[in-house]
Amino acid sequence: MNGSLTFKLLKPHNHYTILLKKSYTTAAAAAHFTQHALNHPLTSLQCGTMLQSLTNSKSVTKGQKLHAHMIVCGVLRNNTYVSTKLAAFYANCGRMAEARVIFDGIVLKSSFLWNFMIRGYACNGFSMKSLVLYREMLSFGQKADNFTYPFVLKVCGDLNLVEIGRRVHCEIVVCGLESDIYVGNCLLAMYSNFGDMEKARMVFDRMLKRDLTSWNTMIMGYVKNGDPREALVVFDLMRKSGLIADCTTLLGVLSACADSAAVKQGKAIHGYVLRNSIAHCNNFLTNSLIGMYCNCNSMVYARRLFEEVSRKDTVSWNSMISGYTKNGDAFESLRLFCRMVPEGAEPDQVTLIAVLRACDQITALHFGMSVHSYIVKKGFDENTIAGTALIDMYSKCGSLDCSRRVFDEMPKRNLVSWSAMVAGYGLHGRGSEAISIFHEMRTNSITPDEGVFTSVLSACSHAGLLDQGKEIFYSMTNKFDMRPGLAHYSCLVDLLGRAGHLDEAYELIKTMEVKPTVDTWAALLSACRLHQNVELAEISAQEVFNMDPKRVVSYICLSNIYAIEKRWDDVERVRGMVRRRGLKKPPGCSFIEVDKLHSFLM
DNA sequence: TCTCCAGTCC
């Protein structure tokens, strides 16, 4: 808060008029009181009232001045009423250290005080402390109430403490607070944070009263847990129950539309927003609409809306830029980025990361390098996500040395950064370096995830490192208690196939824990061609054609295998299949190889 | 005294 403003407001002639004016703000009133307090000692009741208004306006500096005044004139000593208000003030401003000192000095702690402290810790990033204080509250014999539980539940949700959350839920049921609408809504939010929408739905269905927040929490819960269709169903039920959607509802529903590519429903929401002039009050909503159109591949609509918006903020630009990249038009992303600064918008980290993605899509190395300079100039180069995007951009644009330099100079690396570096080496066919980065990552006590394993296995397969690849693959189950997914099996099939271990690859496909896809069999088929194994080629081709009868490349692959064996009848049979199914050969891929072989061998 | 709120990285 600006102290000088306080005194400007307090010129003698308007001293009282400020108070008398109906429109004076809480802050102005507090300013008046603060000045007054510093001149004359205040009673504890006056201090309490002032603290109340300062709590509402979160004026830290003024509150500190008042605190100093109270110390000087002794109001604070042994005064539970004022001390409680003061602790509540600090907690509400997020000054938990100060709040705690006051809190500890109060002997008779009211539930109001406990609640304010628990809330302060919960809402300012000290979730664990909040929970500890809650247990302390109970052990002090103070009962939790309808103001305590919302925050205890929030903390359980934030920290994903499933067991504790359930126990707290039981306590709530026992003391009859499940019917409290705030407590109920927080239960919904907690279970949705746990990813347990079934339980959330159970609580929701059991609620005697539901308000807009209850519905909004359920809609957002389904979206966050990857069930956008159900979110739209719930939204429909909500409308039928006669409730009017607010901004939060619309944000949730738009996310649901974006995630399920439901552009029709998205347009209906857009219409609703326009009819009710809701977008004016909320940039979030406009940006969400833009994001929805981008996710639904409706770039024309997204662009039209974007150009119509007079107050484009950085997020509007970011949504469009990443939208074009997602839809494969990286050039348009870069063109938009170039318009940003001249049109008065400030690129942020998100912008620059999105632009780097556009660069690696079209291997625009020089543009990427300029973006790199810009990142350094803006001081974003210490950011881990920006650094990771740079690693990715450089390796995809062919400059692995630059990737490595960025990687080495990063002040902080996370799993994704290591993963990007492993993938970079893999992409450039430098398998052994990929493996050594992978091992280095483990010595830095970073636990690999499925993505890193995919990268390192794919690096092994590109470089033909069979033994190392197998070792890493089996370490997934042996050392890391992870179940290999389709991508990992595919890498190993590819690796075994390329190395000529066709039978082993075949055995692997037959015994793998996930269902093989057409790509898995196609990988084996192409390995069969590499090592000329007709018998296995026929088996894998059959699997491919069963799953995807239109996969022309696989027909061509099989016919080429026959051609090498001079089995011309079979070559003709396969060509006939292609003709009968009316398939077209993709450009650059044809039977021409067979024709050459045919004439050569005849 | 309280709950729900968009966009970036493998």
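Per chain, numbering begins at 1; letters A, B, ... match sequence-line order.
At a threshold of 4.0 angstrom between heavy atoms, the contacts of A:Asp392 are confined to the sugar-phosphate backbone, with no base atom among them. Counting non-hydrogen atoms under 4.0 angstrom, A:Lys224 reaches the backbone sugars and phosphates but no base. Looking at heavy-atom distances under 4.0 Å, A:Phe151 makes contact with sugar-phosphate atoms alone, never a base. At a threshold of 4.0 angstrom between heavy atoms, the contacts of A:Asn146 include nucleobase atoms, whether or not backbone atoms are also involved. Across all strands shown, A:Asp348 has heavy atoms under 4.0 Å from base atoms, whether or not it also approaches the sugar-phosphate.
Note: A:Phe306 and A:Trp317 meet the aromatic proximity criterion, with ring centroids under 6.0 Å apart. Here the two rings, on A:Phe438 and A:Trp418, have centers that are 6.0 Å apart or farther.
Within residues 349-362 of chain A, the residues approached by DNA chain B to less than 4.0 Å at the level of any non-hydrogen atom are A:Val350, A:Ile353, A:Arg357, in residue-number order. Sorted by residue number, the members of residues 199-213 of chain A with any non-hydrogen atom under 4.0 Å from DNA chain B read A:Thr213. The stretch residues 418-427 of chain A touches DNA chain B through A:Ser419, A:Ala423, each having a heavy atom within less than 4.0 Å of the strand.
Judged as a salt bridge (Lys or Arg N to Asp or Glu O under 4.0 Å), and not counting sequence neighbours, A:Arg405 has no contacts. Listed by chain and number, the residues in a side-chain contact (heavy atoms from CB on, under 4.5 Å) with A:Ala389 are A:Ile353, A:Leu356 (sequence neighbours excluded). By the ring pair (Phe, Tyr, Trp, His ring centres under 6.0 Å) test, A:Tyr489 pairs with A:Phe473, sequence neighbours left out. Every residue two or more places apart in sequence or in another chain that forms a side-chain hydrogen bond (donor to acceptor under 3.5 Å, both in side chains) with A:Lys154 is listed here: A:Asp158.
When DNA chain B is scanned 5' to 3' for any atom under 4.0 Å from a heavy atom of chain A, the first and last hits are B:dT1 to B:dC10.
Evaluation of the salt bridge (charged side-chain N to carboxylate O under 4.0 Å, His left out) test over residues 420-430 of chain A, restricted to residues two or more places apart or in two chains, returns A:Arg430-A:Glu433. Counting only residues at least two apart or in different chains, side chain to side chain donor-acceptor pair (under 3.5 Å) contacts with residues 331-341 of chain A comprise A:Arg303-A:Glu332, A:Glu307-A:Arg339, A:Thr325-A:Ser333, A:Glu332-A:Arg335, A:Arg339-A:Glu343. The ring-ring contact (aromatic ring centres under 6.0 Å, His included) analysis of residues 142-162 of chain A, with sequence neighbours excluded, yields no pairs.
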Please tabulate, for the side chains in residues 197-208 of chain A, all donor-acceptor contacts under 3.5 angstrom to protein atoms that are two or more places apart in sequence or on a different chain.
{"unit_1": "A:Arg201", "atom_1": "NH1", "unit_2": "A:Tyr222", "atom_2": "OH", "d": "2.8"}
{"unit_1": "A:Arg201", "atom_1": "NH1", "unit_2": "A:Glu230", "atom_2": "OE2", "d": "3.2"}
{"unit_1": "A:Arg206", "atom_1": "NH2", "unit_2": "A:Glu178", "atom_2": "OE2", "d": "2.7"}

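Remark: A:Arg100 is not positioned above the aromatic ring of A:Phe103, lacking an NZ or CZ atom under 6.0 angstrom from the ring centre and at most 45 degrees off the axis.
Side-chain atoms of A:Ser417 and A:Asn414 form a donor-acceptor pair, as typed in the model, at a separation below 3.5 Å.
Residue-environment remark: CZ (A:Phe407) exceeds the threshold of 12 foreign heavy atoms within 6.0 Å.
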